[in-house]
Amino acid sequence: MNYISTRGEAPKLSFSDVLLAGLANDGGLYVPEILPRFSAEDIASWSDLSYQELAFKVMFPFVKGDIPEVDFRRMINEAYADFNHQAVAPMVQTGSNEWVLELFRGPTLAFKDFALQLLGRLMDYVLTQRDEELVILGATSGDTGSAAIEGCRHSDRLDVFILHPYERVSEVQRRQMTTVIDDNVFNIAVKGNFDDCQSMVKASFADQSFLNGKKLGAVNSINWARIMAQIVYYFSAAISVGAPHRPVSFSVPTGNFGDIFAGYLAKQMGLPIDQLVVATNQNDILHRVIANNDMSRQSLNVTLSPSMDIMVSSNFERLLFDAYGRDGESVKALMAQFNSGGVELEAKAWNFINSHFDSYKVDDKRTCEVIAQVFAETEYLLDPHTAIGLESARACWRDKSVPMITLATAHPVKFPAAVEKAGCETPVLPDHMQDLFERQESYEVLANDLEQVQAFVAKSS
Ligand SMILES: *Cc1c(COP(=O)(O)O)cnc(C)c1O
């Protein structure tokens, strides 16, 4: 399988090269040149598979030619071995024909474990084969950081540097990162917001000279392998409620557009998906684009769902590439325009996006009401991101005979502020995190300044 850049100028690469490169050298993102397609018969024949076996079926076409079958199976089995539910991604029913897909059963209690448990192993595998090392540099709005650290900490070919916005992640989120004391793990609190962290990472990838010859690797969802791993649970969830014999809809709490983009790919690969609902908090650029063709930057709001406090959704570029007929030149021009303020999409592109996505926006007040209401009715406690997903699902659901599945992206224990505001009791930490608040922390606080951050990375790697 070959991969091409959304801006049309970078070289075509194989899976292994894309895995290590992250961002394309023309500033674009890599996407598969051709998507694999599965027939209804293929999908029907998968109904008895374990999550791991299904993961192999869905993902193998993307790595074929680069990773041998036996090695890929082994990495998949290892990646999902530490999840605390046999089904890996279990479903819970919250209403008539309405479901929540629990994606928080991994070691760091957010859906990012699905991709990063596999990504760390894939990188270690390819680097070992090539006898190379890599400096991982990532930005986190809270959950990517801990999942990346957990996924990469055991590799002696990776050094991991994670930037998080100082005092803007929850204490549980921060401690999940900063209490990992390993020689190859470095946490940096940047005195800025998530977009500041993300743009430092982007700038560092564009010009890596500060690293004196070492190479950077990406764990953000600009890395194709993350998207790939997230396609799997759309298949597992849909099959469990009757696909391919009936269509299914999904609602996805969205920040960087990675998770829901994986759902769009599942649809393109043959999964019968009726609706894909983009659920946003007050930081609603994606809702504004989809509803009003208004893709303009606004200032960032701090909300009770911090993992979605993002203004620039990197992965939206992957969708724009399809919406503009896979014309890299148009995407390049569009992104340049967007970077200088805002753009309106061509009618054809906007219609394409509208044919695949619905969208909805939920503010903090409503988020808390939904948490309280669902708990009162069912004793099921939602995290704030999932609450936004569920409320959006209910608002956008066209055909109640089609099962609606909301992706539960994190465990509520990670977001006590929202849970308390909703008037619910914070759940207890799971066993493996019982002593989280007593563990020793280690992190650097740095100014919102690219040179200082790069100097720290260069000196410590
Ligand atoms: C990262 C994250 C999101 C947003 O996912 P994207 O792939 O960036 O859209 C939503 N909820 C939680 C809990 C997250 O950690």
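Whatever order the structure lists them in is the order used to number ligands and atoms, beginning at 1. Please read all numbers here as calculations on a predicted model, not as lab measurements.
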Taking the six-membered ring of Phe338, is NZ or CZ of Arg297 closer than 6.0 Å to its centre and within 45° of its axis? yes
is_close_aromatic(Phe111, Phe104), centroid dist under 6.0 Å: no
If we count only N and O atoms by modelled type, under 3.5 Å, do the side chains of Asp159 and Asn184 hold a donor and an acceptor together? no
So which protein heavy atom does atom 9 (O) of ligand 1 come closest to, and at what separation? Gly255 N, 2.8 Å
Min over Lys112, His411, Gln230, Lys414 of heavy-atom distance to atom 14 (C) of ligand 1 lands on Lys112
Protein heavy atom at shortest distance from atom 15 (O) of ligand 1: Asp143 OD2, 2.4 Å
What residue and heavy atom of the protein are closest to atom 8 (O) of ligand 1, and at what distance? Asn256 N, 2.7 Å
List the atom of Ile67, the atom of Phe60, and the distance in Å for their closest heavy-atom pair. O-CE1, 3.5 Å
Nearest atoms (heavy-atom pairs only) where Pro412 meets Val419: O-CG2, 3.8 Å
Pro253 to ligand 1, any heavy atom closer than 4.0 Å: yes
Less than 4.0 Å between a side-chain N and a carboxylate O, is that true for Asp26 and Lys332? no
List ligand 1 atoms under 4.0 Å from Ala410, heavy atoms only on the residue side. 13 (C)
Can you pull out the closest protein heavy atom to atom 5 (O) of ligand 1? Residue, atom name and distance to 0.1 Å, please. Phe111 CZ, 3.5 Å
For atom 12 (C) of ligand 1, the protein heavy atom that lies nearest, with its residue and separation: Thr409 OG1, 3.4 Å
Does any part of the side chain of Cys396, heavy atoms only, come nearer than 4.5 Å to the side chain of Met404, both counted from C-beta? no
Output the list of atoms in ligand 1 that are nearer than 4.0 Å to some heavy atom of Gly258, sorted by atom number. 6 (P), 7 (O), 9 (O)
What is the closest protein heavy atom to atom 7 (O) of ligand 1, and at what distance does it sit? Asp259 N, 2.9 Å
Under 3.5 Å between any N/O of Phe257 and any N/O of ligand 1: does that happen in this structure? yes
